[in-house]
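Contents: one structure, followed by commentary.
What you see is a predicted model, and the numbers here were worked out from it, not measured in a lab. Sequence lines set the chain letters: A, B, ... in the order given, protein chains first and strands last, and positions in each chain run from 1.
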Protein chains: 2
Amino acid sequence: MPRPSVEAARREQILSAACDVVSEIGFKSLRIADVARRAGTSTGTVHYYFDTKADLMRAAFEWNFTRSLDRRRPLLEEQSDPRRRLRAFVESYLPIDDVTVRAWRVWAELWVEALHDRDLQELNDQVYGEWRRIVAGVLRDGQDRGLFRDEDPVLVANGLIGMIDGLALQALLGSRSMTVERMREVCERAIRDLELAAV
Amino acid sequence: MPRPSVEAARREQILSAACDVVSEIGFKSLRIADVARRAGTSTGTVHYYFDTKADLMRAAFEWNFTRSLDRRRPLLEEQSDPRRRLRAFVESYLPIDDVTVRAWRVWAELWVEALHDRDLQELNDQVYGEWRRIVAGVLRDGQDRGLFRDEDPVLVANGLIGMIDGLALQALLGSRSMTVERMREVCERAIRDLELAAV
DNA sequence: CCTCAGTTTGACGGACGCGTCAGTTAACGA
DNA sequence: TCGTTAACTGACGCGTCCGTCAAACTGAGG
């Protein structure tokens, strides 16, 4: 081997730059040149690692998701009380810090792009499934311990996740009536509704 | 006056075509020529009524919203029982028929476009406010009649609307796990949670 | 020192689409 | 019938950007 491969590192660098740009100016306005500049490289290099713009975006969406999930894994393992676990998980999705906001914005772009792209729909479905599995798992755990009301965990998980998606979107849009603080209240109310009164 | 103005009719025709195209191929891919063809006219005419593409899209988003609300107004006036009124309203947002699906898809495109456009954020905020006011009104009415649980109507309305947005989005994406039927169940569960047990 | 594969570069061809514009049509009043 | 003006048309100029490509570079092995 002539020299150690830099492929993995360079790909990450480009994908991160792509997510930055998508978050800032949107998929629609994104130019390969923007990504290259942000990554501190040239358009030629971007094309060396990703044949087409579509390839790049698909990879960026995937990367964005993997990162989001990796960031949350510790959260789920730290907390043993399902009530705390659920709250920590939901809290982690509030679009407060830059990293979370960026991830949400990229996510939103994926949604709309996926409306017209089967391949991305598949990706969204996988991710959504994973998310639902996690939340439903926490709910089931809480029910087993007699902490949550006895309702279909999958149904409740879907409702909760849908709500978080919808609220986050409005918060991201800078709605005057849906601030992050308001979003937190709405989520807290929903979670409290799921809990059984303390014994 | 040389002849009767056809402006109003022609504008509608173009806006409807624009929404069709946005729904089908997305804002990103939309070409003025697509809209012109769909409207059965020429690109010149489109530009005659809308100076720029941005103007056209802004007007189309506004038109889409106005139509959506107009279609629902009768619903709210027909039903006197707040429980029925709430259900009818929520039901009307299930992405079942073509008209509703189209409206949702255009709506989703607006969201993402608005992430990078102050003007559209303003529009979204107005619409979201109107929607929240309607739902909160129904909830308050139901509470006054002792039909709904006594919780902050605005908070509950926000949660419900957010949930509908999030669920509809997944349904539109053709998620295997979030069909319209599933969405209906999740909404029904959420509504039932708001109601007090029958006396 | 030379070779060679992996990597990088940026200029360029070609396609594409917005917005302009000069010219045409049609309805109305005079 | 003619002048006037709103309404309409579609070709084209111009700028933009993707993806290609030929050439350059880099570092490890021979």
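With rounding to whole Å, D51(A) atom CG is found 14 Å from dC21(D) atom C1'. For the pair H47(B) NE2 and dA6(D) C1', the interatomic distance rounds to 19 Å; values are reported in whole Å. When rounded to the nearest whole Å, the span between CG of D34(A) and C1' of dT16(D) equals 12 Å. With rounding to whole Å, F50(B) atom CZ is found 15 Å from dT20(C) atom P. Rounded to whole angstrom, the span from the CZ atom of R37(A) across to the C1' atom of dT8(C) amounts to 18 Å. Between I32(A) atom CD1 and dT9(C) atom C1' the separation is 15 Å, expressed in whole Å. Atom-to-atom, OH of Y48(A) to C1' of dT26(D) comes out at 12 Å; the value is rounded to the nearest Å. Atom CD1 in I14(A) sits roughly 11 Å away from atom P in dT7(C) (whole-Å rounding).
Remark: the S177(B) side chain and the R132(A) side chain contain an N/O donor-acceptor pair separated by less than 3.5 Å. Judged purely by distance below 3.5 Å, without hydrogens or angles, the side chains of Q143(B) and R140(B) never pair a donor atom with an acceptor atom.
For R10(B), a side-chain nitrogen or oxygen approaches OP1 or OP2 of dC8(D) to under 4.0 Å. An OP1 or OP2 oxygen of dT9(C) is reached within less than 4.0 angstrom by a side-chain nitrogen or oxygen of T41(A). When the side-chain nitrogen and oxygen atoms of S42(B) are compared with OP1 and OP2 of dT9(D), one or more of them lie within a distance under 4.0 Å.
Heavy-atom neighbours of R71(A) CZ from other residues, nucleotides or ligands within 6.0 Å: above the threshold of 12. In the displayed structure, R84(A) atom CZ is contacted under 6.0 Å by at most 12 heavy atoms of other residues, nucleotides or ligands.
Taking the ring centre of F50(B) as origin, the terminal cationic atom of R58(B) falls outside the region bounded by 6.0 Å and 45° from the ring axis.
Toward the 5′ end of DNA chain D lies the nearest nucleotide of G44(B), the other residue of the pair A54(A) and G44(B) mapping further downstream.
If you check every strand for non-hydrogen atoms under 4.0 Å, Y49(B) touches sugar and phosphate atoms only. Among the heavy atoms of the strands, none lies under 4.0 Å from L56(A). Counting non-hydrogen atoms under 4.0 angstrom, T43(B) reaches a base of the nucleic acid.
Nearest nucleotide to the side chain of K53(A), out of dG19(D), dT9(C), dC18(C): dG19(D). Comparing dC8(D), dG17(C), dT8(C) by their nearest atom to the side chain of R31(B) picks out dG17(C).
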